[in-house]
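FYI, the numbering just counts along the sequence from 1.
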Amino acid sequence: MSRPEMSVPPTAVDEVTELCAALIRHDTTNEGEGEARGERAAAEYVATLLDEVGAEAAVVESAPGRASTLARIPGTDPSHPAFLVHGHLDVVPADPGEWSMHPFSGEVRDGCVWGRGAVDMKGTLAMTLATVRQRLREGRRTRGDLVLAFLADEECTGDYGSRYVAREHRGLFTGCAEAISESGGFSVDAGGARIYPIATGERGTMWMRLTARGTAGHGSKPAPDNAVAELAHAVSRLAAHEWPVRLTSGVLALLEGLADALGTTIDHDRLDEEARRLGGVGRLFEGTIRNSANPTRLDAGYKVNVIPGTATAQVDGRYLPGTGEEFLATVDRLLGPKVTREFINYEEAPAADPAGATFAALAGALRAEDPAARPVPYVMAGGTDAKSFNRIGITSFGFAPLLLGPDLDYLGMFHGVDERVPVEGLRFGTRVLDRFLDTR
């Protein structure tokens with residue numbers, strides 16, 4: 001009698017592609033200002049995947065439908081520090097009419113998984129899930145507790161996601177001092193060298209609402225204090241301002257690492273030109289050598305022949321560590337006395353140690369899978385949920401490992417049309433992540 005065949009559990013590299021596609025098929029669009037969809041269903045899907053391997057996940061809601069999935073997996077040594085892996089379930093909107101295929105199809109084509117969130121950041125969530133599931137099936141645990149957080153609302157302020165769980169479920173993070181999350185660990189082709197930027201910081205956030213007030217009246221009458229005109233002039237001054245270069249320690253570390261990896265010199269007095277000269281590698285620092293304030297929204301009036309009494313604008317302000325006071329003083333000077341500002345969102349700039357043991361372990365995991373890897377520290381121009389966890393004493397590194405081909409504009413995939421991630425990149429990332437977790 002023949003012996004029945006035993007099913008072999010899938011490995012992380014077997015699972016990661018389908019997990020990424022399945023997560024993309026959950027439409028978790030975050031419209032901002034409290035409006036989102038699909039987060040609860042996605043959180044329950046993640047919880048089911050973790051429960052299947054004994055991770056005992058909990059789905060928590062900050063408001064109806066605004067859900068996150070949390071889990072704490074005991075390690076082998078209760079005295080060892082816990083470690084956090086966090087990421088977000090929500091995505092920015094996508095217009096199907098602009099895409100080559102439906103943005104929530106999760107289709108696998110041309111060696112890539114396509115769809116909104118493939119890069120930002122459901123591919124990374126899939127790597128985390130696939131790796132953790134394999135480790136638990138095999139009975140392999142980290143030395144310290146492993147804490148997982150799959151979060152709502154990162155694409156807005158985090159009020160319904162990371163800020164909520166850091167405040168209301170703080171006990172889950174007891175003993176955590178460090179974490180990894182999105183936006184780092186991907187390869188950048190540099191003409192023979194492969195640079196892997198590992199994020200050790202990000203610019204701070206100052207989202208502002210500007211308000212100008214004047215005298216309401218008929219559109220045909222003289223209007224010496226027209227609120228719309230006053231606001232338009234102020235916004236124009238802000239948009240035209242050339243912010244000076246400010247080299248922080250994190251950016252200096254990046255420039256030094258790039259120069260060493262590329263075997264070249266980088267002229268710190270001509271960084272805009274150097275960024276253009278270095279191409280894709282230059283994009284790693286072009287957005288983090290200065291502060292920025294970009295007007296993003298204007299609102300005023302209700303009828304063409306009525307001068308409104310108020311006009312408002314919104315500005316996305318980003319500032320480098322240690323430059324917050326200088327940034328606000330410059331903004332106030334440019335706005336002038338007739339325009340007031342208030343914060344919509346304010347977050348300090350977090351930073352991690354590029355010379356510490358965790359950075360070394362992240363770099364070592366990359367080199368073990370790609371001997372040509374040249375890891376360098378990196379400061380992000382934008383922001384992540386790392387800011388929320390920084391508030392409770394947890395330092396995050398940006399680490400979403402991917403080996404990419406030279407033809408994919410990976411940075412252009414973030415919030416872009418036809419967002420996609422290579423299947424082989426995901427498989428590479430699961431192997432790197434598994435190696436790194438062995439060090440925790």
- Query: What distance do Leu84 atom CG and Glu178 atom CD have between them, rounded to the nearest 0.5 Å?
  - Reply: 11.0 Å
- Query: Hey, are Thr157 and Asp159 close enough side-chain-wise for a donor-acceptor pair under 3.5 Å?
  - Reply: yes
- Within the distance-only criterion (no hydrogens, no angle test), does the side chain of Thr69 pair as donor or acceptor with the backbone N or O of Ala43 below 3.5 angstrom? yes
- Query: Is there a ring-ring contact (aromatic ring centres under 6.0 Å, His included) between Phe436 and Phe83 once you walk through the steps?
  - Reply: CA-CA 11 Å; Phe436 170 71; Phe83 193 82; 5.4 Å; yes
- Task: Dump the intermediate steps for side chain to side chain contact (heavy atoms under 4.5 Å, CB included) on Glu15 and Gln134, then the final yes or no.
- Result: CA-CA 9 Å; Glu15 279 197 317; Gln134 176 176 332; over 6 Å; no
- Task: Check whether any side-chain heavy atom of Asp353 lies under 4.5 Å from a side-chain heavy atom of Thr200, and answer yes or no.
- Result: no
- Task: Could you check if a side-chain atom of Thr384 sits within less than 4.5 angstrom of a side-chain atom of His88, using non-hydrogen atoms only?
- Result: no
- Heavy-atom closest pair, residues Leu403 and Phe428: N-CD2, 3.2 Å
- Task: State, yes or no, whether a side-chain contact exists between Lys387 and Asn345 at a heavy-atom distance under 4.5 Å.
- Result: no
- Rounded to the nearest 0.5 Å, how far apart are OG of Ser396 and CD of Glu182? 10.0 Å
- Note on the structure: Tightest non-hydrogen contact, residues Ala152 and Tyr160, listed as CB-O, 3.9 Å
- Task: State whether the side chain of Arg137 and the backbone N or O of Pro10 hold a donor-acceptor pair below 3.5 Å, judged by distance alone.
- Result: yes
- Look at the side chain of Glu39 and the backbone N and O of Asp153, then say whether any donor-acceptor pair between them is shorter than 3.5 Å. yes
- Query: Do you see a donor-acceptor pair shorter than 3.5 Å between the side chains of Asp418 and Trp99?
  - Reply: no
- With a 4.0 Å cut-off, would you call Arg318 and Glu202 a salt bridge? no
- Message: Are Phe104 and Arg25 packed together at the side-chain level, in the sense that at least one heavy-atom pair is separated by less than 4.5 angstrom?
- Response: no
- Where do Glu419 and Val92 land on the side chain to side chain contact (heavy atoms under 4.5 Å, CB included) test, with the steps shown first? CA-CA 11 Å; Glu419 184 180 351; Val92 296; 5.9 Å; no
- Run the salt-bridge test on Arg140 and Asp434 with the 4.0 Å N-O cut-off and return the result as yes or no. yes
- Query: What closest approach, in Å, do Phe173 and Arg72 show between heavy atoms, and which atom pair accounts for it?
  - Reply: C-NH1, 3.9 Å
- For Val281 and Ala190 the tightest heavy-atom approach is CG2-CB, 3.6 Å
- From Asp316 CG over to Arg297 CZ, what is the distance, rounded to the nearest 0.5 angstrom? 13.5 Å
- To the nearest 0.5 Å, tell me how far Ile73 CD1 sits from Leu136 CG. 4.5 Å
- If only atom types and distance count, is the side chain of Asn291 paired as donor or acceptor with the main-chain N or O of Leu320 below 3.5 Å? yes
- Message: Would the distance check show the side chain of Ser181 and the main-chain N or O of His86 forming a donor-acceptor pair, the cut-off being under 3.5 Å?
- Response: yes
- Sub-3.5 Å donor-acceptor pair from the side chain of Tyr164 to the main-chain atoms of Glu61, do we have one? yes
- Test side chain to side chain contact (heavy atoms under 4.5 Å, CB included) applied to Leu255 and Glu274, step by step: CA-CA 11 Å; Leu255 294 173; Glu274 291 288 61; over 6 Å; no
- Query: So, does Arg116 use its side chain to make a donor-acceptor pair with the main chain of Gly416 at under 3.5 Å?
  - Reply: yes
- Message: Using modelled atom types and a 3.5 Å cut-off, is there a donor and acceptor pairing between side-chain atoms of Asp27 and backbone atoms of Gly38?
- Response: no
- Task: Quick one: pull up CE in Met208 and CD in Gln314 and give me the separation to the nearest 0.5 Å.
- Result: 11.0 Å
- Task: Could you tell me whether Glu56 atom CD has more than 12 heavy atoms of other residues or ligands within 6.0 Å of it?
- Result: no
- Item | Pair Ser292, Arg203: side-chain N/O donor-acceptor within cut-off below 3.5 Å | yes
- Query: When the ring planes of His241 and Trp243 are compared, do they come out parallel, tilted or perpendicular, using 30° and 60° as the limits?
  - Reply: perpendicular
- Given the rule in the side chain to side chain contact (heavy atoms under 4.5 Å, CB included) test, do Glu155 and Asp120 qualify, once you have shown the distances and angles that lead to the verdict? CA-CA 10 Å; Glu155 295 293 1; Asp120 187 16; 3.0 Å; yes
- Query: What heavy-atom pair brings Thr128 and Phe150 nearest, and what distance separates the two atoms?
  - Reply: CG2-CZ, 4.1 Å
- Item | From Glu154, Arg163, Arg167, residue fulfilling side chain to side chain contact (heavy atoms under 4.5 Å, CB included) relative to Ser388 | Arg163
- Task: Please check if the side chain of Asp110 supplies one atom and the backbone of Cys112 the other of a donor-acceptor pair under 3.5 Å.
- Result: no
- Query: For Val16, which of Thr430, Leu433, Thr131, Leu129 qualifies under side chain to side chain contact (heavy atoms under 4.5 Å, CB included)?
  - Reply: Thr430
- Should the pair Asp299-Arg209 be classified as a salt bridge under the 4.0 Å nitrogen-to-oxygen rule? no
- Query: Can you tell if the side chain of Cys20 reaches within under 4.5 Å of the side chain of Leu426, non-hydrogen atoms only?
  - Reply: yes
- Report yes if the side chains of Arg440 and Thr358 come closer than 4.5 Å at any heavy-atom pair, otherwise no. yes
- Looking only at heavy atoms, what is the nearest atom pair of Pro93 and Asn30, with distance? CD-O, 3.6 Å
- No-hydrogen, no-angle side-chain donor-acceptor test under 3.5 Å, Asp14 and Thr11: yes
- Rounded to the nearest 0.5 Å, what's the gap from CG on Leu148 to CG on Leu146? Could you check? 4.5 Å
- Is there side-chain contact between Val165 and Phe389, with heavy atoms separated by less than 4.5 Å? yes
- Using a 4.5 Å cut-off on heavy atoms from C-beta on, say whether the side chain of Thr296 contacts that of Trp207. no
- So, Ser236 side chain and Ala232 main chain: donor-acceptor pair closer than 3.5 Å or not? no
- Message: For Tyr410 and Phe186, take the angle between the two ring planes, folded into 0 to 90°, and tell me which bin it lands in: parallel under 30, tilted 30 to 60, perpendicular over 60.
- Response: tilted
- Give a yes or no on whether Glu273 atom CD has more than 12 heavy-atom contacts from other residues, nucleotides or ligands under 6.0 Å away. yes
- Per the side chain to side chain contact (heavy atoms under 4.5 Å, CB included) rule, which among Val379, Leu278, Leu252 passes with Phe285? Leu278
- Query: Should we say atom CD of Glu35 is surrounded by more than 12 heavy atoms from elsewhere, each under 6.0 Å from it?
  - Reply: no
- Would Glu242 and Arg290 satisfy salt bridge (Lys or Arg N to Asp or Glu O under 4.0 Å), going step by step from the backbone distance to the final call? CA-CA 9 Å; Glu242 294 186 9; Arg290 52 171 59 87; over 6 Å; no
- Task: Go through the steps to decide whether Arg391 and Glu348 satisfy the test salt bridge (Lys or Arg N to Asp or Glu O under 4.0 Å), and finish with yes or no.
- Result: CA-CA 9 Å; Arg391 292 181 175 186; Glu348 294 184 354; over 6 Å; no
- Salt-bridge present (Arg427, Glu369; N to O < 4.0 Å): no
